[in-house]
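Model, not experiment: these values are computed from the prediction.
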Amino acid sequence: SASIAPDPAAPASTQPESATTSTGETSAGQWSMSSIAPPYAGPVPAGTVGPTDERGDEMDVRFGVHTGLQNTSIAELRGLWRRIEELGFDWISIWDHFYAADATGDPHCLEAVAAHAALAATTERVTCGSLVYSAGYRHPAVLANAMATLDQIADGRIVLGLGGGWMQGEYDAYGIPYGTAGDRLRRLEESIRCVRGLLTEERTSFAGEFFTLTDAMCEPKPVQAHLPIWVGGGGEKVTLRITARYADGWNVPFIAPDAWAHKASVLDAHCADAGRDPAEITKSVNVGIDRKSTRLNSSHVSESRMPSSA
């Protein structure tokens, strides 16, 4: 299973290409491409010109692999992760589901935080991301403590991706409140604020609609002074506004290049409203691979399998 992301990496809204194994003939994963602020660490041949943005400025682009956790094992994934790192990719991420991410109801899926820890412990160089944790599955204090410890395991290579969540069947099966799209996005915003406070401040207090913190502490802190938080999703009114206000990175899966460019411009507009430089936010996209033509395909997943967003 595969994804490509930037270095510093966003959704439980990322779906797999298919629903079998992460390394088998019909692997469950995606590629994702990201434009990022940090420069590429490897040598660049003299005279090489990289991709440019709409202003003609050269962009840094990195590639990674988003690995699915369904119908596989940690032993299988560890071999896959090592191979991905050996091949020179910059990023490996996992998703956050309790059931298979194709919404078939198949319950064979590894838990995300444990898999994220295994990824961090197995690799040495790549950024270890998540695309993305659902804000509804874990209290932000639990998630913040987990990420702080994971960053210790990874020696400063963790990226936390958060999303509002989309696969209602998982929520219903486990009795987790699903709510409306508005409920989930408000919960997402509160979760980001709580996690950020816990990871950076000595004490954090917060009183919101969904979460409450009272002089809360999270120690030890991550290795990174500013552990990157990404937001996953493409909703232009709310999700991208939240991204502009709070996030270090943004990820959206399986949309065509023109649709991605449009959403990126909407994000830039939200950044202007929030007084932020859009260049501060890493932008990424998950794309699939057409196995017959070996060409990247951004829209091969049917609309019925894509999450709705606001």
Side-chain angles (χ1 to χ4, degrees), residues 3 5 8-14 66-70 74 77-78 81 91-99 101 109-124 126-165 167 170-171 174 176-177 184 187-206 208 210-232 246-249 251:
S3 154
S13 60
T14 305
H66 182 57
T67 55
L69 303 181
Q70 65 192 45
I74 290 296
L77 285 168
R78 291 182 70 191
W81 293 332
W91 158 285
I92 301 173
S93 54
I94 50 86
W95 65 38
D96 184 22
H97 287 287
F98 300 116
Y99 284 22
C109 191
L110 299 169
E111 195 276 331
V113 176
H116 206 172
L119 169 62
T122 300
T123 57
E124 298 179 354
V126 295
T127 298
C128 301
S130 51
L131 299 177
V132 289
Y133 286 105
S134 169
Y137 289 163
R138 299 165 192 84
H139 191 285
V142 173
L143 191 60
N145 277 273
M147 293 304 110
T149 300
L150 281 178
D151 207 45
Q152 299 280 338
I153 296 172
D155 195 22
R157 295 180 291 119
I158 294 297
V159 168
L160 168 61
L162 273 168
M167 203 160 82
E170 294 180 322
Y171 290 78
Y174 291 139
I176 301 171
R184 297 194 300 280
R187 184 185 294 116
L188 168 63
E189 183 168 359
E190 288 191 13
S191 184
I192 294 170
R193 294 175 63 186
C194 290
V195 170
R196 177 68 79 206
L198 288 164
L199 292 180
T200 59
E201 303 296 332
E202 181 178 352
R203 295 175 183 270
T204 299
S205 293
F206 182 87
F210 300 97
F211 304 115
T212 300
L213 302 175
T214 305
D215 256 358
M217 294 181 286
C218 176
E219 298 291 343
K221 291 288 191 273
V223 172
Q224 300 174 89
H226 186 89
L227 190 150
I229 296 177
W230 284 32
V231 168
Y246 303 108
D248 304 295
N251 175 266

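Partners of Phe210 according to the ring pair (Phe, Tyr, Trp, His ring centres under 6.0 Å) rule, which considers only residues two or more places apart in sequence or in another chain, do not exist here. Legend: residues meeting ring pair (Phe, Tyr, Trp, His ring centres under 6.0 Å) with His139, ordered by chain and number and at least two apart, are Phe211.
Ring planes of Tyr137 and Tyr171: tilted class, angle from 30 to 60°.
Checking side-chain atoms of Ser191 against main-chain N and O of Pro140 turns up no donor-acceptor pair under 3.5 Å. Judged purely by atom type and a 3.5 angstrom limit, Asp96 has no side-chain atom pairing as donor or acceptor with the backbone of Leu131. With hydrogens and angles ignored, the 3.5 Å screen pairs no side-chain donor or acceptor of Ser93 with any backbone N or O of Ser130.
Applying the salt bridge (charged side-chain N to carboxylate O under 4.0 Å, His left out) test to residues at least two apart or on different chains, none of the pairs has a partner in residues 139-149.
The environment of Glu111 atom CD is dense: over 12 non-hydrogen atoms of other residues, nucleotides or ligands sit within 6.0 angstrom. Crowding of Glu202 atom CD: a count of heavy atoms from other residues, nucleotides or ligands under 6.0 Å not exceeding 12.
With hydrogens and angles left out, the side-chain atoms of Thr122 and Arg78 include a donor and acceptor closer than 3.5 Å. In the model, Arg157 has a side-chain atom that pairs as donor or acceptor with a side-chain atom of Thr123 under 3.5 Å. Of the N and O atoms on the side chains of Asp248 and His226, at least one donor lies less than 3.5 Å from an acceptor on the other residue.
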| message | Working note: Arg203 + Glu201, criterion salt bridge (Lys or Arg N to Asp or Glu O under 4.0 Å); need CA distance, chi angles, decisive distance, verdict. | response | CA-CA 5 Å; Arg203 295 175 183 270; Glu201 303 296 332; over 6 Å; no
